Amino acid sequence: MCGRYALHTHPEVIALQLGVQGGAGIDARSTLAPERLAGWKPRWNIAPTETMPVVIARSDAAPQLHWLRWGLIPSWANDVSIGAKLNNARAESVTEKPAFRQAFSKPASRRGRCLIPADGYFEWQEAPAGVRGARKQPYYLQQANGKLLAMAGIWDSWQSAQGELFESFAVLTIAPNKEAALIHERMPVLIADEDRQRWLLGNPTEALALLRTAPDDTLRTHAVDRRMSSARIDDAQCIAAVKLNEPDEESPETKAASSDSHQDRQGRLL
DNA sequence: CCAGACGTTGTT
DNA sequence: GTCTGG
DNA sequence: CCAGACGTTGTT
DNA sequence: GTCTGG
């Protein structure tokens, strides 16, 4: 789950919406630093191993936007390749897993909890069993109120033998709410505006209390074109709503009144 | 003691 | 780094 | 997460 | 089937 997302909102707007300090407070490594901002471009189809703006608070300092690589590389890893597999961390076990627990429970200058800003994320719905040639249908999920999502994550640092520093993150996952459950059995942990500071700077007990499924009716979803399944495709079409064609022969007559949403495609879940 | 794992998702 | 398994 | 590759020798 | 790349 949550192996792809979109972030097309400009970093200055991200900072405003997520309460990240800009202006004088930023350091040279901030996404908002002029030389780093120059490299920014809107992204519609972000895959693991890519480097994206993430909100971190180094050693309890004021939260800032920094570029981190998606796919957590623990400090003890032999190489970066493990990161491709650790793009998610289960909320139910994040305090126990050796690769994750320090980042969660013992934040420091080079590891900790983070917020991953996203305009929305993608989820693939399994095709109904027995449908020949059926492939997974991707959906785009975004906040119903149009605001940015703040996904809960953890981050760590790894240094190569050549001394190159890699800062990387994983997205926490949990059981889905009502809308997400129609598509998939997991969803990212979402942090409400009023909980951001507590998530980033609170003690482990406070942070643990925020690992909850988002309330129902806070997300809206629509099917998107399958061409975005290739991570090489990265344009605004990736998040555009498409109307799904009904299965031609498999099911008897289906009611034609189908929205552009998932409501005509269910049956497996719930 | 050292060696080896350290993760999730989805599928069977 | 730290835990588990042998 | 999905898509795409999965290999060497020798020649250009 | 399994790993790598994006």
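Numbers restart at 1 for each chain; the letters A, B, ... are given by sequence-line order, proteins then strands. The model shown is predicted, which means the values in this text are computed figures rather than measured ones.
Legend: residues meeting side chain to side chain contact (heavy atoms under 4.5 Å, CB included) with A:K147, ordered by chain and number and at least two apart, are A:Q17, A:Q143, A:N145, A:D193.
Side-chain nitrogen and oxygen atoms of A:K136 include none within less than 4.0 Å of the OP1 or OP2 phosphate oxygen of D:dC1. Here A:T173 does not reach the OP1 or OP2 of B:dG7: none of its side-chain N or O atoms lies under 4.0 Å away. A:R227 has no side-chain polar atom (N or O) that falls below the 4.0 Å cut-off from OP1 or OP2 of D:dA3. Using a 4.0 Å cut-off, some side-chain N or O of A:R186 falls inside it from OP1 or OP2 of B:dT9.
Separating the CZ atom of A:R43 from the P atom of D:dC1 is a distance of 19 Å, rounded to the nearest angstrom. Going from atom CZ of A:R101 over to atom P of C:dG1 covers 14 Å, rounded to whole Å. Per the geometry, CZ belonging to A:R226 stands 17 Å off P belonging to D:dC1, to the nearest Å. Between A:N45 atom CG and D:dC1 atom C1' there is a gap of 9 Å when expressed in whole angstrom units. Separating the OH atom of A:Y5 from the C1' atom of E:dG6 is a distance of 13 Å, rounded to the nearest angstrom. When rounded to the nearest whole Å, the span between CD of A:Q159 and C1' of C:dG1 equals 15 Å. As rounded to whole Å, 11 Å separates atom P of B:dG7 from atom NZ of A:K85. Rounded to an integer number of Å, the gap from CH2 of A:W155 to P of B:dG7 is 20 Å.
At a threshold of 4.0 angstrom between heavy atoms, the contacts of A:W124 are confined to the sugar-phosphate backbone, with no base atom among them. Contact annotation for A:K97: backbone-only contact, meaning every heavy-atom pair under 4.0 Å involves sugar-phosphate atoms and none involves a base. Backbone-only contact: A:F100 has heavy atoms under 4.0 Å from sugar-phosphate atoms and none from a base. Across all strands shown, A:P48 has heavy atoms under 4.0 Å from base atoms, whether or not it also approaches the sugar-phosphate. At the heavy-atom level, A:S81 lies nowhere under 4.0 Å from the strands shown. Residue contacts shown for A:S229 are limited to sugar-phosphate atoms, with no base heavy atom under 4.0 Å away.
Nucleotide E:dT4: paired with D:dA3 (Watson-Crick or G-U wobble, both distances less than 3.5 Å).
For the C1' atoms, the distance from E:dG5 to B:dA3 is 31 Å, rounded to whole Å. With C1' as the reference atom, D:dC2 and B:dT11 are 16 Å apart, rounded to whole Å. The P atoms of B:dC1 and D:dT8 are separated by 41 Å, rounded to the nearest whole Å. One P atom belongs to E:dC3, the other to D:dG7, and the distance between them is 12 Å to the nearest Å.
Listed nucleotides D:dC2, D:dG4, B:dT8 differ in distance to A:R232; the shortest reach to its side chain belongs to D:dG4.
Checked by atom type, the side-chain pair A:T173/A:N88 shows no donor-acceptor distance below 3.5 Å. There is no side-chain donor-acceptor pair under 3.5 Å between A:H10 and A:E12. Judged by distance alone, the side chains of A:H66 and A:R58 do bring a donor and an acceptor atom under 3.5 Å apart.
Centre separation under 5.5 Å together with a plane angle under 30° does not hold for the ring of A:W76 and the six-membered base ring of C:dT2, so they are not marked as stacked.
The side-chain heavy atoms of A:R226 and A:K136, taken from C-beta on, include no pair separated by under 4.5 Å.
Counting atom types as modelled, A:T49 pairs no side-chain N or O with a base atom of E:dG5 as donor and acceptor under 3.5 Å.
In this structure, the ring of A:Y139 has its center no less than 6.0 angstrom from the ring center of A:W124.
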